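Below you'll find the structure, written out as structure tokens, and then a few comments.
Every number for a ligand or one of its atoms is a count from 1 in the order of the listing. Computed from a predicted structure; not experimentally measured. Side chains are part of it too, since the values below use all heavy atoms of this structure and drop only hydrogens, waters and symmetry mates.
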Amino acid sequence: MAATHGVRNQPPPRVGHDELAEDAALSEAVAREGAGWALPGLGALGRLVGDPSWQERGRLANAHPPELVTHDRYGHRRDEVRYHPAYHELMAVAVARGLAASPWAPGAPAGAHVARAARYVLWPRVDSGTLCPSTMTYAVVPSLRAQPDLARLWEPRAVTGVYDPAFAPVEGKAGATFGMAMTEKQGGSDVRANTTTAEPEGSGGPGAAHRLTGHKWFCSAPMSDAFLALAQAPGGLSCFLVPRWLPDGTRNPLRLERLKDKLGDRSNASSEVEYDGTLGWMVGEEGRGVAVILQMVGHTRLDCVSGAAGWLRQGTVEAAWHAAGRWAFGAPLARQPLMRAVLADLHLESEAATALALRLARAFDRAEDDPREAAYRRLVTPIAKYWVCKRAPAHAAEALECLGGAGYVEESGLPRLYRQSPLNGIWEGSGNVQCLDVLRAMVRSPESVEVVRAEIAEAAGAEPRLAAALRRLDAELAAPSEAGARRLVETAALVLQASLLVAHAPPAVADAFCASRLGDGGGLAFGALPDGVDAGALLARALPGLP
Ligand SMILES: Cc1cc2nc3c(=O)[nH]c(=O)nc-3n(C[C@H](O)[C@H](O)[C@H](O)COP(=O)(O)OP(=O)(O)OC[C@H]3O[C@@H](n4cnc5c(N)ncnc54)[C@H](O)[C@@H]3O)c2cc1C
């Protein structure tokens, strides 16, 4: 070793861990929300995502971004995206392990949406880009079912658990993945501003082929086998299934103009697409496109919550691990009171997010058979999507800071997490859009307020700070306004998270959450916890074996 180059006081990389076994909050939530049967499989996935060889694949897939091939050397259009082999390996294992459409597979057990949400909490340890196509392949199914003849062809290939990357007609493929194309240049949130047109090939109507002309400004995972797209049909904005290949074995004309130079993951591609006489088949009723695609949107929003909960967990464990192995001023950082307060607070956010994500997933599991769960899902989806995603960037920044300069360096993985962290807040309805959706749900589905409130009130009986916060929420609910919608939704999210922790988490966790989030005891930055919080109990829960 060179005389100047001794390496001391640097923690080893955190690899080879069983990520489920070390996450008590996650495994408890899985069992509580009705997916205890999935724990062995989740354990295997937890070990896989802790395995350095899979983490290396995640690194490779992001270090070698997808390449767009618009034309071949003779000038023929190709419109293909080439990915690094690691991306395909990650996709194959993600699909096989149930991250895609597994809850819709015939015979899927009750609790399948909860089990899948837990997989989403684990998966970001290797890569977040592969979550996008997995999500869309999951979320497309309920929308597809609006058109049974199309669902008969496509759904079995979505749920098969086989990732088949061949760029070929779907009829010969073992599995299919899906994307969605709503956003256009002039409007993303406001999809009714879509200008893409759809001309019927024959008489038109549900299930009929139409020629689509227009553009889509964001279309992720463009090598998916098919997309749900919105376009203006003669009878109004409608939903279409747009395959990459046509039934006669030729390519559907679908021009990939550019790949986005994105802030976040590089493993997955997001593209700009032109439709020029592109064939699409109408899904559901003509003029009801928004209602049809909202099914897909709603399920995607659940994934935004569970994926963001995964980011919070990842940031927490990386920060805690580093602080345990790094000394400063004569003691490990994880033994020093101020760092313990920061780590404890990061964990608190992560545990609250996990609890909310999995409770929400249970509502997705049960909504078909239980109107109260359907009502819960309606209101809590935008609340959780707003708040958990909103917390992710601040949390990632704080976790990164716990590693000091090392956290700013790409090899630590924290920069990847940090760049990715704002995505779920934007995608599938950004923050304000979620808040406006909460106001809409309150008006159109008042029973959802009653159901959610009743669940919170049950926990509030045991915790006066929660009872007081519920009264504040009641005041907000009584006088909602557009300008005040963020305040209302934030209060609702905190009260919901607190109610879950009061009902189910160890007392030290519930107490710390109520003390720091419900009253005026906590500060604005992570780590500004009120006196009396049991940081040791929180740290032990964050990462077993912490000093
Ligand atoms: C990496 C990535 C991948 C994506 N992939 C896809 C994809 O595959 N398919 C797809 O269709 N789209 C995709 N999108 C697009 C994404 O869904 C949109 O960007 C998003 O819905 C917001 O739309 P917009 O960009 O047009 O913003 P705008 O609609 O212009 O919104 C801008 C801001 O205004 C706010 N706002 C909007 N309306 C109101 C209001 N009434 N009151 C107050 N504030 C308001 C929004 O919250 C937002 O903060 C992707 C985006 C990203 C970043």
- Query: Short N/O distance, under 3.5 Å, between E482 and ligand 1?
  - Reply: no
- Task: Would you tell me which option among S220, C132, A193, G129 has the nearest heavy-atom contact to atom 3 (C) of ligand 1?
- Result: S220
- Query: Just to confirm, does any protein heavy atom lie below 4.0 Å from atom 32 (C) of ligand 1?
  - Reply: no
- Message: With a 6.0 Å cut-off (strictly less than), is the heavy-atom count around CD of E171, excluding the residue itself, greater than 12?
- Response: yes
- Message: What protein heavy atom lies closest to atom 18 (C) of ligand 1? Include the residue and the distance to one decimal.
- Response: T183 OG1, 3.9 Å
- Note on the structure: So for A221 against ligand 1, with non-hydrogen atoms under 4.0 Å, the contacting part is neither
- Item | Heavy-atom closest pair, residues A392 and W311 | CB-CE3, 4.2 Å
- Item | Residue, atom name and distance, where the atom is the protein heavy atom closest to atom 44 (N) of ligand 1 | N432 ND2, 3.0 Å
- Item | Protein non-hydrogen atom found under 4.0 Å from atom 5 (N) of ligand 1 | yes
- Message: Is atom 41 (N) of ligand 1 touching the protein, meaning some protein heavy atom lies under 4.0 Å away?
- Response: yes
- Item | Exam field: side chain D164 to backbone A176, donor-acceptor pair closer than 3.5 Å | no
- Which of the atoms of ligand 1 are close to K262, meaning less than 4.0 Å from one of its heavy atoms? 1 (C)
- Query: N/O to N/O below 3.5 Å, does that happen between G188 and ligand 1?
  - Reply: yes
- Enter the distance from L150:CG to M282:CE here, rounded to the nearest 0.5 Å. 11.0 Å
- Which ligand 1 atoms, with their elements, are less than 4.0 angstrom from a heavy-atom of A181? 11 (O)
- What protein heavy atom sits nearest atom 9 (N) of ligand 1, and how far off is it? M180 O, 3.0 Å
- Worked check of side-chain hydrogen bond (donor to acceptor under 3.5 Å, both in side chains) between H88 and Y83: CA-CA 7 Å; H88 293 300; Y83 297 87; over 6 Å; no
- Closest contact, heavy atoms only, L259 versus S271: CD2-CB, 3.8 Å
- Counting only heavy atoms on the protein side, is anything nearer than 4.0 Å to atom 25 (O) of ligand 1? no
- Task: Classify the angle between the aromatic ring planes of Y138 and W104 as parallel (below 30°), tilted (30 to 60°) or perpendicular (above 60°).
- Result: parallel
- Message: With respect to M182, determine whether any N or O atom, backbone or side chain, lies less than 3.5 Å from an N or O atom of ligand 1.
- Response: yes
- Main-chain N/O of L256 paired to D79 side chain as donor or acceptor, under 3.5 Å: yes
- Residue part near ligand 1, for C219, under 4.0 Å between non-hydrogen atoms: backbone
- Atoms in ligand 1 flagged as close to S430, the criterion being non-hydrogen separation under 4.0 Å: 46 (C), 47 (O), 48 (C), 49 (O)
- Below 4.0 angstrom, N of the basic side chain to O of the carboxylate: do E89 and R57 qualify? yes
- Item | Note, C132 side chain near W427 side chain (heavy atom, < 4.5 Å) | yes
- Task: Assess R119 against W123: is NZ or CZ under 6.0 Å from the centre of the six-membered ring, and within 45 degrees of the ring's axis?
- Result: no
- Would you mind listing which atoms of ligand 1 come within a distance below 4.0 Å of any non-hydrogen atom of L423? 1 (C), 2 (C), 52 (C), 53 (C)
- Query: Is the NZ or CZ atom of R116 positioned over F364's six-membered ring, under 6.0 angstrom from the centre and within 45° of the axis?
  - Reply: no
- Where's the contact between S189 and ligand 1, heavy-atom distance under 4.0 Å: side chain, backbone, both or neither? both
- Under 6.0 Å from the six-membered ring centre of Y275 and within 45° of its axis: does the NZ or CZ of K216 meet both? no
- Message: When you measure from atom 51 (C) of ligand 1 to the protein, is at least one non-hydrogen atom found at a distance under 4.0 Å?
- Response: yes
- Quick one: which ligand 1 atoms are inside 4.0 Å of a heavy atom on S270? 3 (C)
- Below 3.5 angstrom, do we get any N/O pair linking G187 and ligand 1? no
- Ligand-side contact atoms (ligand 1) for residue partner L436, heavy atom cut-off under 4.0 Å: 40 (C), 41 (N), 42 (N)
- Message: If we ignore hydrogens and angles and just use 3.5 Å, is the side chain of H215 paired with the main-chain N or O of K185 as donor and acceptor?
- Response: yes
- Query: Considering only heavy atoms of E428, which atoms of ligand 1 have at least one such atom less than 4.0 Å away?
  - Reply: 17 (O)
- Query: Applying a strict 4.0 Å limit to heavy atoms, is G179 in contact with ligand 1?
  - Reply: no
- What protein heavy atom sits nearest atom 13 (C) of ligand 1, and how far away is it? F218 CB, 3.2 Å
- Note on the structure: closest protein heavy atom to atom 20 (C) of ligand 1 is I426 O, 3.7 Å
- Message: Donor-acceptor check, side chain of K385 to backbone of N424, threshold 3.5 angstrom: yes or no?
- Response: yes
